[in-house]
Number of protein chains: 2
Amino acid sequence: MTETWADQLDVGTGLMQLTNLVQDIYTTVSDRHDLTPVQARLLCVLLGGPRGMAELAQMFGVEKAALTGLMDRIEKRGLAERSAVPGDRRALQVTLTAAGRKAAIAFHTDMGEALSALTDPISAADRDHFRSVVEGMVSRCRTSRSNG
Amino acid sequence: MTETWADQLDVGTGLMQLTNLVQDIYTTVSDRHDLTPVQARLLCVLLGGPRGMAELAQMFGVEKAALTGLMDRIEKRGLAERSAVPGDRRALQVTLTAAGRKAAIAFHTDMGEALSALTDPISAADRDHFRSVVEGMVSRCRTSRSNG
DNA sequence: TATTGTTATACTCTATAACTATA
DNA sequence: TATAGTTATAGAGTATAACAATA
């Protein structure tokens, strides 16, 4: 019976709208850095250290062949490179170049600021509550995926 | 100084994780219905009624030419169709076919259930609080985009 | 045999530019 | 001139299948 009741949307609908919003921001920021969204994601992952091709394919939920193409393009642009892995002559290691690291950090910083514009207007208490609910969803989903 | 402090992530990071999570779910459900994510989105939009090609292009943030391709494929599959608009012989109206409506509803229902699995474990109070924070972010962003 | 990565092929999605037809 | 839509072309991202090299 409150005044806001009539405007209340389904939680799922809100979740979809929020996802589309963040997705739009992500695409816009990627564009600003002359990166595709997947390329930006790849660079950000590599900020955490070198990764194998198969490892990256699994993280991204794509086939190995897709990673080959992704890496061909990112390597042609001088942002990351493949190098041999000592101890396994089949495997390749993907590492950021200096330019790639710079691009990754610039993108990540910019993206952080863009998301801040979204969350800054929220009160500290609400924001903290929101964060904990989000963390709950994320962590529950992780366990449900690893357990079956 | 609480025990959870050490595990707390940045709100922005949580937002990205949540977005990736919902995105993964969306792709999985689309796949289950033999649709690409964009096709699923198109069908869902059309559940709200017929739309013009230019209108759809603007809603999706893509060029008109991209809509032409999208519609070519969805029409070839018999899920939607283009028809003339009385009063403007340049314009075309996009409508769901019976099969398209059925597919759209099935997808939407499935997606709703998948999102419920995400939000059901949250307490009613937390969920409501979460929903209102999300609505705040979405509505603030809408006004900031229309005002400049 | 299993795993790591590549190549070849095809499809979807997208942008740009040039075009037609109508307003 | 401006708007609605299409066609042509190109590139990114993806899947599948077949392959080579190594474990």
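Keep in mind that this is a model prediction, so the values were computed, not measured. Order of the sequence lines sets the chain letters (A, B, ...), proteins ahead of strands, with each chain counted from 1.
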Review item, side-chain donor-acceptor pairs of residues 93-101 of chain B, under 3.5 Å, at least two apart:
{"from": "B:T97", "atom 1": "OG1", "to": "B:G78", "atom 2": "O", "distance (Å)": "2.6"}
{"from": "B:T97", "atom 1": "OG1", "to": "B:L79", "atom 2": "O", "distance (Å)": "3.2"}
{"from": "B:T97", "atom 1": "OG1", "to": "B:A99", "atom 2": "N", "distance (Å)": "3.4"}
{"from": "B:T97", "atom 1": "OG1", "to": "B:G100", "atom 2": "N", "distance (Å)": "2.9"}

Exercise. Who passes side-chain hydrogen bond (donor to acceptor under 3.5 Å, both in side chains) against B:D31, sequence neighbours left out?
Worked result: none

Protein and nucleotides 16-21 of chain C: nitrogen or oxygen contacts under 3.5 angstrom:
none

Seminar exercise, completed: By salt bridge (charged side-chain N to carboxylate O under 4.0 Å, His left out), B:R77 pairs with (sequence neighbours left out) B:D34

Problem set entry | Residues which pass salt bridge (charged side-chain N to carboxylate O under 4.0 Å, His left out) with A:D10, listed by chain and number, not counting sequence neighbours | none

For this session: Go through residues 27-52 of chain B and report each residue with a non-hydrogen atom lying under 4.0 Å from DNA chain D, sorted by number.
Result: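 When residues 27-52 of chain B is checked for heavy atoms under 4.0 Å from DNA chain D, there are no hits whatsoever.
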
Problem set entry | Those residues of residues 70-86 of chain A lying under 4.0 Å from DNA chain D by at least one heavy atom |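 Result for residues 70-86 of chain A: A:L70, A:R73, sorted by number.
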
For this session: Return the set of residues passing side chain to side chain contact (heavy atoms under 4.5 Å, CB included) with A:Q23 (not counting sequence neighbours), or none when no residue passes.
Result: B:T19, B:Q23

For this session: Go through the structure and list residues passing side chain to side chain contact (heavy atoms under 4.5 Å, CB included) with A:D128, not counting sequence neighbours.
Result: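 Expected list: A:R131, B:Q8.
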
For this session: Name the first nucleotide and the last nucleotide along DNA chain D (5' to 3') that come under 4.0 Å of a heavy atom in chain A.
Result: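 Span of nucleotides near chain A: D:dA12 to D:dA23.
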
Result block: side-chain N/O donor-acceptor pairs under 3.5 angstrom for residues 102-114 of chain A, not counting sequence neighbours:
{"from": "A:T109", "atom 1": "OG1", "to": "A:I105", "atom 2": "O", "distance (Å)": "2.7"}
{"from": "A:D110", "atom 1": "OD1", "to": "A:R32", "atom 2": "NH2", "distance (Å)": "3.1"}
{"from": "A:D110", "atom 1": "OD2", "to": "A:R32", "atom 2": "NE", "distance (Å)": "3.3"}
{"from": "A:D110", "atom 1": "OD2", "to": "A:R32", "atom 2": "NH2", "distance (Å)": "3.4"}
{"from": "A:D110", "atom 1": "OD2", "to": "A:H33", "atom 2": "NE2", "distance (Å)": "2.8"}

Can you list, pair by pair, the side-chain donor-acceptor contacts under 3.5 Å of residues 57-73 of chain B, counting residues two or more places apart and other chains?
{"from": "B:T68", "atom 1": "OG1", "to": "B:K64", "atom 2": "O", "distance (Å)": "3.4"}
{"from": "B:D72", "atom 1": "OD1", "to": "B:R82", "atom 2": "NH2", "distance (Å)": "2.5"}

